[in-house]
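Sequence lines set the chain letters: A, B, ... in the order given, protein chains first and strands last, and positions in each chain run from 1.
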Amino acid sequence: MREIDSKRIIDAVAEKLIEINVNLDSSICNALKSSLEKEESPLGEDLLKQILENSEIAAKEKLPICQDTGVVVVFVEAGEDLRIKGMDLKEAINAGVAKGYEEGYLRKSMVSDPIFKRINTGDNTPAIIHIDLVQGEKLKIEIAAKGGGSENMSQLKMLKPADGPQGIIDFICQVVKEAGPNPCPPLVIGVGIGGTMEKAALLSKKALFFPPDYRNTDPELARFEEQILSEVNKLGVGPLGLGGRTTALGVNILTYPCHIASLPVAVNLNCHAARHGHIEF
Amino acid sequence: MVELTTPLASEGLEKLKTGDKVFLSGVIYTARDAAHRRIIQAIEEKKPLPFPLGGSVIFYVGPTPAPPGKPIGSAGPTTSGRMDPYTPILLQKGVKGFIGKGKRSMEVREALKRFGGIYFVATGGAGALLSHCIKTSEVIAYEDLGPEAVHRLEVERFPVLVANDIHGNDIFEKGIEKYRIP
């Protein structure tokens, strides 16, 4: 049985959260740069340049890319032959979140009771944590700082099997169109298809962890991702919703088997400040 | 390119047109969801307000904490639509400008026309870049709200675009239609 001191997890989570909030991932930077060459709207081009300049300033001055430093979403793969020393895994992750948001001068954006009191918890906890048990003794933590603006514009729909691929494309385009400027396009779009209602939602969130230029290993799904991206970019929403060619940088799909009667589709939108990191012990 | 200084006078706002690039200088105030609720409550109960509303410009932002040596952290706009229910009454009480991102409701667009106000957009997700135009920041009310507290900001040539002018035009409708491929 392998042991990991919870202090190591706390420090690694804190450090990673500061890093992803300050340094825009190179895959996003590259996608923004290549979209700049294709953007036809002069205003859109100007906005893409501002977004890139913003990322340079953020990295240089160690300022968060965006003031919405997000809700922390974590997917963990924990080996069965692993024991966390000192506190349980969720406690350790949350302690890392609190440390990172304090030491990194990141904004604390979580409120306790969502309905009545809505009091800021003061340390950006709790994180949204999903844990999978796997064989072995490794600990893998995928961590995201997810902005509220894009999360608010995400949607889920239980389609009919008869709606098929075209129904899926139409729904995704509808979500992006309705969202318009609110989720801060250019977007990264995570799509979860299949499973049940909650499984589709989880898959759509997980799909956001892929870089925008990553294509599915299944060739049919890879073509579908390309097709959806092309349709979304015909909408004209453009950078910050002010019109243009660059509405999304990438579409990633994750699927799961589902009931004969079902076709659940979840569309999770991410703003251009897509912040994800990976920790492994 | 238009240069404007706050507080905004009613006269001259009719000249601003949707799509105009504007540099704002002077004092602006931050308020987002929770602060709006409290300001509206204070108006209803005739209690003191955190800042004089007449001619003021409200920036929808919850900045990150200021790191050592800086007046403020990252400070870009949040989604304006969430403040729609509160906006007509603020316009009625004399607020002249709002800075945010995203579309406004028809009610807000009508109120901007009726009371003579401008809705500006700043670049969403460019909080580090925009922070360079903020020279001072001070919490003046509702400190318990943390990032949602009302800040008084002194800004210098803060870059915004006119999204909704007082003539009823909308930057999003025009822009998206122009680049849509049917």
Could you tell me the separation between the CZ atom of B:R104 and the CE atom of B:M83, rounded to the nearest 0.5 Å? 7.5 Å
Does this structure show an ion pair linking A:E226 with A:R223, if we count only N-O contacts that are shorter than 4.0 Å? no
Between A:D25 (side chain) and A:R275 (backbone), is there a donor-acceptor pair under 3.5 Å? no
Using distance alone, with no hydrogens and no angle criterion, decide if A:Q166 and A:D170 have a side-chain donor and acceptor under 3.5 Å apart. yes
Donor-acceptor pair between A:N270 and A:S150 side chains, under 3.5 angstrom: no
Best-contacting candidate, A:G44, A:A273, A:G244, against chain B by heavy atom pairs under 4.5 angstrom: A:G244
Using a 4.5 angstrom heavy-atom cutoff, name the option from B:A66, B:G62, B:P182 with the most pairs to chain A. B:G62
Between A:I51, A:I65, A:D68, A:L47, which shows the greatest number of heavy-atom pairs under 4.5 Å with chain B? A:I65
Out of A:E40, A:E53, A:E61, A:K62, which one racks up the most heavy-atom pairs below 4.5 Å with chain B? A:E61
Can you tell me which portion of A:L235 sits under 4.5 Å from chain B's heavy atoms? Options are side chain, backbone, both or neither. backbone
Is A:I119 in contact with chain B via its backbone, its side chain, both, or neither, using a 4.5 Å heavy-atom distance? neither
Answer with side chain, backbone, both or neither: which region of A:S41 has an atom nearer than 4.5 Å to a non-hydrogen atom of chain B? both
Could you have a look at B:G19, B:P65, B:P63 and say which one has the most heavy-atom pairs with chain A under 4.5 angstrom? B:P65
Which bit of B:K103 comes within less than 4.5 Å of chain A, counting heavy atoms only: side chain, backbone, both or neither? both
What part of B:A126 is in contact with chain A, defined as an atom under 4.5 angstrom from a non-hydrogen atom: side chain, backbone, both or neither? both
Measuring heavy-atom distances to chain B, does A:N21 have an atom under 4.5 Å in its side chain, in its backbone, in both, or in neither? neither
Pairing of B:E154 and B:K135 as salt bridge, 4.0 angstrom limit: no
For chain A, which candidate among B:A163, B:G102, B:P67, B:G100 shows the most heavy-atom pairs at distances under 4.5 Å? B:P67
Between the side chains of B:R38 and B:D144, is the shortest nitrogen-to-carboxylate-oxygen separation below 4.0 Å, so that they form an ion pair? yes
One pair to check against side chain to side chain donor-acceptor pair (under 3.5 Å): B:K101 and B:T79. What are the steps and the verdict? CA-CA 5 Å; B:K101 69 174 171 89; B:T79 306; 2.9 Å; yes
Looking at B:E173, B:H132, B:E177, which makes the most heavy-atom pairs under 4.5 Å with chain A? B:H132
Nearest 0.5 angstrom please: B:L112 CG to B:T87 OG1, how far? 8.0 Å
Which one of B:P77, B:G175, B:S131 has the most heavy-atom pairs closer than 4.5 Å to chain A? B:G175
Shortest non-hydrogen contact from B:E148 toward B:A35: O-CB, 3.5 Å
Given heavy-atom pairs under 4.5 angstrom as the criterion, report whether the side chain, backbone, both or neither of B:K174 touches chain A. neither
